[in-house]
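Worksheet: one structure, shown below.
Only this structure's heavy atoms are used, side chains among them; waters, hydrogens and symmetry mates stay out.
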Amino acid sequence: MLIALAILSLWKCRWDLEELIFVEVFADYREISPNGDSLELYGRIEATQYKETVVEYGFVWSTVDSSTFPGLEIEKNLVRSNNLSAANGKFFCEIAVRELMLDTVYYFWAYAITKEGDLKYSSSPLVFNTGDILIITGEIKPFLLTFCTFEGELQGLAIDRIKEHGHIWVTTRKLPGETTLVIERDSSRRGPPHNSGIFSTIITTLLPNITYEVQAYAQTDDTIFYGDPKMITTKTIQLSDVKLEQTGNEIIAKGEISQLSFLNIITPDSVGYKYAAEYGFFWNNAEFPQDLPDWKVDHRIVVDSNQTTNTTFDSCLTTLGPGENWINAWAYAILERDDGVYSDTLFSSREEGYFYLEEFWKETSTLLPTRSGAVAFVLGELAYIGLGETGEAPPEYLSDFHSFNGTGWASVGGFPGGPRSSAVSFVIEDTAYVGLGNTSDVLFYKYTFSGWDAEHPVVGFPGVGLRGAVAFVINDTAYVGLGRKATGGGLSNEFYKYNPVSGWEASQREFPGQPRSGAIAFVLDDTIAHVGLGEGVNNKILRYTPNQGWETFGINFGNETEGRFGAIVFVIDDVAFIGLGQSNNDLAYKHDLWGFPNNTIINNTFPFAQNPQGRTDAIGFRIDGKGYVGAGKYTTPMGQTYWFGDFFQFNP
């Protein structure tokens with residue numbers, strides 16, 4: 001079984017090829033047999049025309065002490081290819097010499113031969129000594145109490161020459177009566193076997209508030225090999241490095257603090273830390289960090305000063321906006337000493353990086369003909385859009401219907417009730433009901449997954465024909481009301497409810513607000529309907545539940561007082577998104593989007609390429625967890641009306 005070991009070294013060598021070929025050589029030693037007799041080499045050739053230029057490439061090697069290229073007459077391992085680009089210029093050779101000899105220095109060169117017969121090779125060799133032992137100082141894993149585990153790693157062909165290996169460390173402390181620094185040693189392995197791979201040393205004599213410099217080592221009869229030193233500072237409170245994670249549009253910082261007890265080894269004149277009086281995060285979104293006092297702070301106060309276990313803590317540092325966002329963060333803890341003085345602040349290492357939030361809006365395909373006052377409903381994974389008005393004054397009323405899968409449109413046949421605008425729809429189980437509009441027609445036509453229902457095509461509405469009415473569904477019962485009466489033009493505040501089993505309720509339920517048209521209606525939590533806005537009324541949104549009826553006080557929408565009409569609404573994850581429409585105050589066209597009920601502005605400008613000033617009588621719906629907004633109209637101050645068919649996807 002192959003045992004993957006760490007990269008030994010990296011050599012970068014350039015050939016003088018008038019910037020045509022660039023060679024990079026590095027080696028990754030891997031023990032692939034019990035005797036460890038194999039070396040694997042990697043190289044790379046880059047050339048502007050390397051596919052036509054290089055016909056042979058690989059490595060040659062020698063055991064002769066020389067810094068010059070030995071030629072190709074010695075042993076070599078070739079890789080031949082007429083299509084170097086298939087490997088993107090990168091190649092590797094496994095040097096499978098039958099036995100790599102100990103105490104032998106090997107010299108490796110990368111080379112390439114062009115089709116003209118030119119020999120190109122690296123300017124200096126890769127040198128590998130099989131008598132060396134590579135020792136790596138690995139991770140430091142502290143335990144609770146006074147224990148700490150130091151890891152190391154052994155590599156090389158001369159493992160069996162090792163007499164002992166482990167860790168040594170130097171501290172900055174002085175023992176009583178000592179005048180020099182103390183060098184301590186703990187060898188966890190003496191005598192054979194000394195196997196290649198990772199080993200660990202458990203150290204049990206650590207003291208608090210001391211900086212230790214730790215090195216892994218391996219000793220033969222005549223040589224000691226050392227790993228790179230690593231530093232650790234012991235404290236009675238330890239703080240892990242902060243971790244940043246993106247969850248949706250939020251950046252969450254996570255930290256961990258460990259309460260350690262050194263009371264059994266603290267000397268009378270030593271002062272340790274009892275607990276963390278405060279901990280949390282410093283952070284900023286500047287790419288180049290400034291001094292910490294200028295930074296934002298999210299902190300938590302520790303309530304239990306007798307904390308003895310690990311505590312994880314997290315905080316939402318910021319809510320991302322679209323695009324790239326650079327975040328820097330530290331975890332910190334303010335430590336209280338045994339003498340009651342707040343004496344030290346402990347910091348983690350800095351975590352930083354780019355976090356990306358996809359743009360809210362993405363343009364999709366256009367619906368033709370362009371239109372306003374259309375109607376939409378969703379069955380399964382498809383939305384169905386149709387009807388509306390378009391063209392010159394007087395407008396042309398449409399009767400077409402189309403399905404939409406998020407990217408494209410397909411015709412599903414004409415509406416059997418004939419052309420109309422400002423109709424209303426609702427869905428109960430797997431059947432959609434479409435009716436009313438700018439006609440006196442009081443019939444609702446049913447649409448199923450099979451198309452328009454020919455067997456039971458219509459359901460009569462007990463009220464008069466209504467233009468710009470609203471509908472919502474709770475517990476498989478639909479509620480339809482408001483709007484402008486198709487005959488006479490008066491406004492309605494009546495609501496009727498419909499159930500497929502019992503039909504329409506004979507008595508009407510009166511809406512407690514002013515009569516209106518062009519309102520919005522939506523349901524949150526599957527149980528509470530919200531109805532509001534509309535032509536000529538304020539910004540109040542009223543709630544309805546089947547058991548309690550209408551609440552009359554209303555909820556303010558957004559930051560406006562005059563309200564709007566002709567707005568759109570769609571619901572994603574129990575948040576209603578409301579936008580567009582016209583102001584009741586000055587008839588200005590809106591181009592904003594709000595999240596309701598927290599009244600948070602989501603995007604203050606829709607990305608419409610056509611008419612960025614806004615529009616009214618557009619369409620909003622949800623499929624597959626994403627919102628879609630499009631169509632609508634805009635009338636200039638000179639009275640010129642424009643109809644639109646562009647649609648945009650909203651990704652919350």
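Under the salt bridge (charged side-chain N to carboxylate O under 4.0 Å, His left out) test applied with Arg371, the options Asp400, Asp646, Asp617 reduce to a single match, Asp400.
No hydrogens or angles considered: a donor-acceptor pair under 3.5 Å links the side chains of Trp643 and Ser372. Side chain to side chain, Ser349 and Asp241 meet the donor-acceptor criterion of an N or O pair below 3.5 Å. With 3.5 Å as the limit, one finds a donor-acceptor pair spanning the side chains of Lys540 and Asn556.
Between Tyr384 and Phe377, the distance from one ring center to the other falls under 6.0 angstrom. Side-chain rings of Phe472 and Phe522 stay apart, their centers remaining 6.0 Å or farther from each other. For Tyr628 and Trp361, the gap between ring centers reaches or exceeds 6.0 Å. With ring centers used as reference points, Phe426 lies under 6.0 Å from Phe444. Taking the six-membered ring for Trp and the full ring otherwise, the centers of Tyr445 and Phe415 sit less than 6.0 Å from each other. The ring of Phe281 has its center no closer than 6.0 angstrom to the ring center of Trp330. The ring of Phe355 has its center no closer than 6.0 angstrom to the ring center of Trp326.
Taking the side chain as every heavy atom from C-beta outward, Phe404 and Ile385 approach each other to under 4.5 Å. The shortest distance between side-chain heavy atoms of Ile623 and Leu382 does not fall below 4.5 Å. Two residues are said to be in side-chain contact when any heavy atoms from C-beta on lie closer than 4.5 Å; Tyr642 and Thr370 fail this criterion.
Within 6.0 Å of atom CD in Gln640, more than 12 heavy atoms from other residues, nucleotides or ligands are found, so the atom counts as buried in its surroundings. Open room surrounds CG on Asn475; 12 or fewer heavy atoms of other groups in view lie less than 6.0 Å from it.
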Working for side-chain hydrogen bond (donor to acceptor under 3.5 Å, both in side chains), residues Glu535 and Ser517: CA-CA 6 Å; Glu535 186 176 357; Ser517 67; 3.1 Å; yes

Residue pair Thr635, Thr641: steps toward the side-chain hydrogen bond (donor to acceptor under 3.5 Å, both in side chains) verdict: CA-CA 4 Å; Thr635 300; Thr641 299; 2.9 Å; yes

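Under the 3.5 Å distance criterion, the side-chain polar atoms of Ser348 are matched with a main-chain donor or acceptor of Ala331. Side chain of Ser365 to main chain of Thr407: a donor-acceptor pair is present (N/O by atom type, distance under 3.5 Å, no hydrogens or angles).
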Compile the donor-acceptor pairs under 3.5 Å between side chains in residues 563-586 and protein atoms, sequence neighbours left out, one pair per line.
{"unit_1": "Arg564", "atom_1": "NE", "unit_2": "Glu560", "atom_2": "OE2", "d": "3.2"}
{"unit_1": "Arg564", "atom_1": "NH1", "unit_2": "Leu580", "atom_2": "O", "d": "2.9"}
{"unit_1": "Arg564", "atom_1": "NH1", "unit_2": "Asp592", "atom_2": "OD1", "d": "2.9"}
{"unit_1": "Arg564", "atom_1": "NH2", "unit_2": "Glu560", "atom_2": "OE1", "d": "3.0"}
{"unit_1": "Arg564", "atom_1": "NH2", "unit_2": "Asp592", "atom_2": "OD1", "d": "3.4"}
{"unit_1": "Arg564", "atom_1": "NH2", "unit_2": "Asp592", "atom_2": "OD2", "d": "3.1"}
{"unit_1": "Asp574", "atom_1": "OD1", "unit_2": "Asp525", "atom_2": "N", "d": "2.8"}
{"unit_1": "Asp574", "atom_1": "OD2", "unit_2": "Asp525", "atom_2": "N", "d": "3.3"}
{"unit_1": "Gln582", "atom_1": "NE2", "unit_2": "Leu587", "atom_2": "O", "d": "3.0"}
{"unit_1": "Ser583", "atom_1": "OG", "unit_2": "Glu562", "atom_2": "OE2", "d": "3.2"}
{"unit_1": "Ser583", "atom_1": "OG", "unit_2": "Asn585", "atom_2": "N", "d": "3.0"}
{"unit_1": "Ser583", "atom_1": "OG", "unit_2": "Asp586", "atom_2": "OD1", "d": "3.3"}
{"unit_1": "Asn584", "atom_1": "OD1", "unit_2": "Gly536", "atom_2": "N", "d": "2.7"}
{"unit_1": "Asn584", "atom_1": "ND2", "unit_2": "Gly534", "atom_2": "O", "d": "2.9"}
{"unit_1": "Asn584", "atom_1": "ND2", "unit_2": "Val537", "atom_2": "O", "d": "2.8"}
{"unit_1": "Asn584", "atom_1": "ND2", "unit_2": "Glu562", "atom_2": "O", "d": "3.3"}
{"unit_1": "Asp586", "atom_1": "OD1", "unit_2": "Ala588", "atom_2": "N", "d": "3.0"}

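The cationic atom of Arg615 (NZ for Lys, CZ for Arg) lies less than 6.0 Å from the six-membered ring centre of Phe644 and within 45° of the ring axis.
For Lys446, there are no side chain to side chain donor-acceptor pair (under 3.5 Å) partners at least two apart in sequence or on another chain.
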